[in-house]
Amino acid sequence: QVQLVESGGGLVQAGASLRLSCAASGRTFISYSMGWFRQAPGKEREFVATIGGNGVVTYYSDSVQGRFTISRDNAKNTVYLQMNSLKPEDTAVYLCAARTTSVPATSISGYTYWGQGTQVTVSS
């Protein structure tokens, strides 16, 4: 069982930056690939970024490629999402998820554990 707790969301203006954190419980964090997803009001949950267990392999959605960076600190059982050049369309609840394999994936169905989410609101 893995528990995930996100933090770092908030209200910012367009063009600003935020860094989200997701702290995970458990002793085998390196064996999990991690992902960030988001869900805006009235929309389906969508993939944002994912990172493999060793932190080398990453994938991003086209909408955030070049603006967001996913990283992890396995010593701290934490995964991060650095978000730069934020746009109003980035407004959503951001959720952290863990996949029980070190190989990253972009599909929602590939993730077993989910956090409660943190709200990010970007004003124009």
Side-chain angles (χ1 to χ4, degrees):
Q1 188 76 10
V2 176
Q3 293 184 328
L4 304 172
V5 179
E6 303 95 335
S7 61
L11 171 63
V12 297
Q13 291 188 331
S17 298
L18 278 176
R19 189 176 81 155
L20 305 183
S21 300
C22 173
S25 64
R27 300 180 181 180
T28 58
F29 183 65
I30 196 170
S31 66
Y32 293 90
S33 58
M34 302 296 295
W36 285 99
F37 295 78
R38 66 187 183 187
Q39 189 163 16
K43 294 187 177 181
E44 294 186 351
R45 188 169 297 183
E46 65 174 2
F47 166 74
V48 174
T50 183
I51 187 167
N54 61 7
V56 174
V57 179
T58 59
Y59 297 108
Y60 298 91
S61 68
D62 290 343
S63 61
V64 308
Q65 179 77 47
R67 298 189 298 123
F68 291 10
T69 302
I70 189 171
S71 62
R72 63 190 295 162
D73 185 337
N74 287 338
K76 296 182 178 180
N77 279 20
T78 301
V79 62
Y80 304 98
L81 186 67
Q82 177 67 44
M83 305 186 295
N84 298 330
S85 302
L86 282 161
K87 304 175 181 180
E89 50 264 44
D90 294 319
T91 295
V93 173
Y94 283 72
L95 303 106
C96 172
R99 173 174 155 83
T100 57
T101 168
S102 62
V103 178
T106 62
S107 171
I108 293 172
S109 62
Y111 289 81
T112 303
Y113 303 104
W114 292 83
Q116 293 298 308
T118 185
Q119 177 70 47
V120 172
T121 304
V122 184
S123 63
S124 57

Taking atom [atom1] of [X] and atom [atom2] of [Y], what is their separation to the nearest 0.5 Å?
| X | Y | atom1 | atom2 | value |
| --- | --- | --- | --- | --- |
| Gln82 | Ser71 | CD | OG | 8.0 Å |
| Ser63 | Phe68 | OG | CZ | 7.5 Å |
| Thr58 | Gln65 | OG1 | CD | 8.0 Å |
| Arg99 | Ser31 | CZ | OG | 12.0 Å |
| Leu95 | Glu46 | CG | CD | 11.5 Å |
| Leu4 | Ser25 | CG | OG | 7.0 Å |

Indicate the atoms forming the closest heavy-atom contact of [X] with [Y], along with that distance.
| X | Y | result |
| --- | --- | --- |
| Arg67 | Leu86 | NH1-CA, 3.9 Å |
| Lys43 | Gln39 | O-NE2, 3.2 Å |
| Met34 | Cys22 | CE-SG, 4.4 Å |
| Gly52 | Ser33 | CA-CB, 4.1 Å |
| Asp73 | Phe29 | O-CE2, 4.1 Å |
| Ser17 | Asn84 | OG-OD1, 2.9 Å |

Heavy atoms, side chains only, cut-off 4.5 Å: are [X] and [Y] in contact?
| X | Y | answer |
| --- | --- | --- |
| Thr121 | Val12 | no |
| Ile70 | Tyr80 | no |
| Gln3 | Tyr113 | no |
| Pro104 | Val57 | yes |
| Val93 | Thr118 | no |
| Ile108 | Phe37 | yes |
| Leu20 | Trp36 | yes |
| Thr69 | Leu81 | no |

More than 12 foreign heavy atoms under 6.0 Å from CD of Gln116: is that the case here?
no
Between Asn74 and Lys76, does a side chain to side chain contact (heavy atoms under 4.5 Å, CB included) hold up when you go through it step by step? CA-CA 5 Å; Asn74 287 338; Lys76 296 182 178 180; over 6 Å; no
Are the side chain of [X] and the backbone of [Y] linked by a donor-acceptor contact shorter than 3.5 Å?
| X | Y | answer |
| --- | --- | --- |
| Asn77 | Gly26 | yes |
| Glu6 | Cys96 | yes |
| Thr91 | Glu89 | no |

> Cation over ring, Arg38 on Phe47, under 6.0 Å and within 45°?
Replying inline: no
Review point. Hey, are Thr50 and Tyr111 close enough side-chain-wise for a donor-acceptor pair under 3.5 Å?
Key: yes
Are Tyr32 and Val2 close enough, and set up right, to give a side chain to side chain contact (heavy atoms under 4.5 Å, CB included), and what steps lead you there?
CA-CA 10 Å; Tyr32 293 90; Val2 176; 3.4 Å; yes
